[in-house]
Number of protein chains: 2
Amino acid sequence: MNIKIAIADDHQLFLKSLSLLIAGFNGFSIVAEAVNGKELLDKITALPVQPDIVLLDVNMPVMDGPKATALLQKQYPGIRIAALSMKENDTTIITMLKAGCCAYLLKDIHPVELEKALREIHESGYYHNDASNVNYRRLILQSEQQETITEREKEFLSLACSDLTYKAIAQKMNVSERTVDGYREILFHKLNVQSRTGMVLEALRRQLVSL
Amino acid sequence: MNIKIAIADDHQLFLKSLSLLIAGFNGFSIVAEAVNGKELLDKITALPVQPDIVLLDVNMPVMDGPKATALLQKQYPGIRIAALSMKENDTTIITMLKAGCCAYLLKDIHPVELEKALREIHESGYYHNDASNVNYRRLILQSEQQETITEREKEFLSLACSDLTYKAIAQKMNVSERTVDGYREILFHKLNVQSRTGMVLEALRRQLVSL
DNA sequence: GCTTATACCGGGGTTTTCCCCGGGTAGCTC
DNA sequence: GAGCTACCCGGGGAAAACCCCGGTATAAGC
């Protein structure tokens with residue numbers, strides 16, 4: 001019996017190429033292809049038999065990786081989900097792991113390693129390459145102690161991602177300069193930075209704001 | 001005679017998958033695969049026969065798309081170069097077009113369309129899908145008014161995208177504080193911003209630096 | 001009544017950033 | 001040599017950012 005794989009990735013070229021590659025592995029077959037999470041869920045629902053493993057891109061339009069993972073987990077707890085991403089980004093990995101995926105694969109993985117990973121997931125239910133294994137504990141810990149950022153702070157953060165001075169930001173937020181100074185101070189601590197530039201960069205990395 | 005293709009992409013999985021896909025097209029063969037521009041150039045040099053078309057990812061480590069394009073154009077003017085990117089980003093497209101590539105393909109192109117594009121490039125020497133065709137003139141115009149940013153300025157820019165003070169940056173670059181102040185000043189003007197935060201954000205938008 | 005959390009504010013200070021003034025060298029093209 | 005570009009540098013001063021001290025009010029929850 002072949003190992004049944006479903007793939008979702010918003011880049012059609014990659015989706016089709018990867019599909020072809022995996023179909024070429026001995027003992028594997030592709031049962032569904034989709035360009036976003038929603039399409040994948042629909043296709044899986046329509047299948048007579050569930051796939052064994054779902055390969056899920058993290059960043060997709062319509063429905064992204066974490067959301068699709070959560071829904072899949074709920075509806076089909078038997079399906080193993082592996083995240084597939086370009087970014088070795090801590091917060092992204094945490095989000096996917098927390099959502100319930102059993103592996104986080106990078107897109108620059110070698111095909112041979114991918115095949116190995118897929119077999120391992122199918123047999124043991126999980127796979128971690130050295131890199132993510134080493135960091136796994138740290139990441140989970142980090143996610144647990146992750147500071148929460150309030151609405152008002154987020155508002156300040158988006159305004160800080162601009163040419164505006166703190167004075168101008170204070171006016172836009174209808175508070176005193178001292179107050180935004182307080183936001184700055186608390187965010188420096190929460191994001192572990194010591195300058196506005198660092199704060200902006202960290203906010204972008206954590207995708208608290210977008211470019 | 002098969003159409004000979006060379007590919008460079010830093011994501012191994014994509015590289016190998018795409019290679020497999022194209023090798024499956026009727027009348028095509030892959031003559032070189034590389035994970036960056038430098039490696040591609042080396043491999044092409046070592047080949048007995050030049051490839052007809054080079055598929056080049058825009059964002060790569062070691063040597064990126066634009067640089068590789070320029071070098072390829074110079075050394076092998078007969079080779080057609082097609083850019084392959086995820087981002088439909090104006091400045092990126094401009095850079096690649098100016099560097100001398102004859103097509104800008106998005107990674108979410110359908111395989112069938114890719115095959116069509118490759119044949120068209122091989123026969124007529126160029127290919128433009130509707131989307132890029134529409135904007136072509138505007139982009140070139142925009143590129144002509146675009147200010148150039150020197151190597152040293154780019155170096156400063158990446159260092160500025162951090163928690164470092166200008167003083168620390170000056171030390172890292174082995175120049176006086178006054179000199180980095182000069183870089184700051186000229187970049188403020190070129191990027192049309194008036195604060196370090198603005199500069200960092202604009203640099204990220206124009207992909208002069210990456211997160 | 002007390003703690004906890006969020007939001008807000010005033011006044012003081014130092015360091016960094018920003019913005020001017022001016023200067024120079026090396027290399028390349030015409 | 002003139003003219004261009006890239007690169008480098010010193011000093012001074014105003015503004016913004018950074019970092020302390022302190023405080024109040026309001027609402028939620030035990």
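Naming convention: chains lettered A, B, ... in sequence-line order (proteins, then strands); numbering from 1 in each chain. The basis for the numbers below is simple: all heavy atoms, side chains too, and nothing from hydrogens, waters or symmetry mates.
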Discussion item. So, does A:Thr150 get its side chain near the phosphate of C:dA7, meaning an N or O under 4.0 Å from OP1 or OP2?
Written reply: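 It does, given that an N or O in the side chain of A:Thr150 lies less than 4.0 Å from OP1 or OP2 of C:dA7.
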
>> Check this one for me: any side-chain N or O of B:Tyr166 less than 4.0 Å away from OP1 or OP2 of C:dC18?
In response: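 Yes, such a contact exists.
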
Which atom pair, heavy atoms only, marks the closest approach of B:Lys43 to B:Glu33?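 Nearest heavy atoms, B:Lys43 then B:Glu33: NZ-O, 2.9 Å.
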
Notebook entry, point to check: Which atom names give the shortest non-hydrogen contact between A:Val58 and A:Ser85, and what distance separates them?
Noted result: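 Closest approach of A:Val58 to A:Ser85, heavy atoms only: CG2-CB, 3.6 Å.
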
How many Å lie between [atom1] on [X] and [atom2] on [N], as a whole number?
| X | N | atom1 | atom2 | value |
| --- | --- | --- | --- | --- |
| A:Phe188 | D:dC20 | CZ | C1' | 14 Å |
| B:Lys167 | C:dT14 | NZ | P | 16 Å |
| B:Ile149 | D:dC7 | CD1 | C1' | 16 Å |
| A:Glu185 | C:dG12 | CD | P | 18 Å |
| A:His189 | D:dC18 | NE2 | P | 16 Å |
| A:Ile186 | C:dC9 | CD1 | C1' | 15 Å |

Tell me, please, which residues at least two apart from [X] pass side chain to side chain contact (heavy atoms under 4.5 Å, CB included).
| X | value |
| --- | --- |
| A:Val35 | A:Gln12, A:Leu15, A:Glu39 |
| A:Val209 | A:Leu157, A:Ser158, A:Cys161, A:Ala203, A:Leu204 |
| A:Ala82 | A:Leu55, A:Ala103, A:Leu105, A:Ile121 |

Check each residue of residues 151-164 of chain B for a non-hydrogen atom within less than 4.0 Å of any atom in DNA chain D, then write out the ones that pass by number, or none.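 Residues of residues 151-164 of chain B under 4.0 Å from DNA chain D: B:Arg152.
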
Given protein heavy atoms under 4.0 Å, the one-letter contact record of nucleotides 23-29 of chain C, with B base, S sugar-phosphate only and - none, is simply -------

TODO: Report yes or no: is the cationic atom of A:Arg196 (NZ for Lys, CZ for Arg) under 6.0 Å from the centre of the six-membered ring of A:Tyr166, at an angle within 45° of the ring normal?
DONE: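 Verdict for A:Tyr166: a cation-pi partner in A:Arg196.
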
### Query
Honestly, is A:Arg184 close enough over A:Phe188, meaning NZ or CZ under 6.0 Å from the six-membered ring centre and within 45° of the axis?
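Yes, cation above the ring, under 6.0 Å and within 45°.
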
Check: Does B:Asn192 CG have over 12 foreign heavy atoms under 6.0 Å away?
Finding: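 Counting neighbours around CG of B:Asn192, 12 or fewer heavy atoms of other residues, nucleotides or ligands fall under 6.0 Å, so no.
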
Margin query: Please give me every residue in residues 173-180 of chain A whose heavy atoms get under 4.0 Å of an atom in DNA chain C, ordered by residue number.
Written below: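 Per residue number, the list reads A:Val175, A:Ser176, A:Arg178, A:Thr179.
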
Quiz item: The side chain of B:Arg196 lies closest to which of these nucleotides: C:dC19, C:dT17, C:dA7?
Solution: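 Of the options given, the side chain of B:Arg196 lies nearest C:dT17.
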
inquiry  = Among C:dC19, D:dC19, C:dT16, which nucleotide has an atom closest to any side-chain atom of B:Thr165?
reply    =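 When the side chain of B:Thr165 is considered, C:dT16 is the closest of C:dC19, D:dC19, C:dT16.
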
* **A:Leu84 and B:Leu13, any side-chain heavy atoms less than 4.5 Å apart** =>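 Yes, side chains in contact.
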
*If we only count heavy atoms from C-beta on, is the B:Val31 to B:Val49 side-chain gap below 4.5 Å?*
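No, side chains not in contact.
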
Practice item. Examine the base of C:dC19 for any acceptor or donor lying under 3.5 Å from a partner atom in the side chain of B:Asp181, and report the outcome as yes or no. Key: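 Per atom types, the contact qualifies.
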
**Q.** Spacing of CD belonging to B:Glu155 relative to CE belonging to B:Met173, to within rounding of 0.5 Å
**A.**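 Here the interatomic distance stands at 4.5 Å.
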
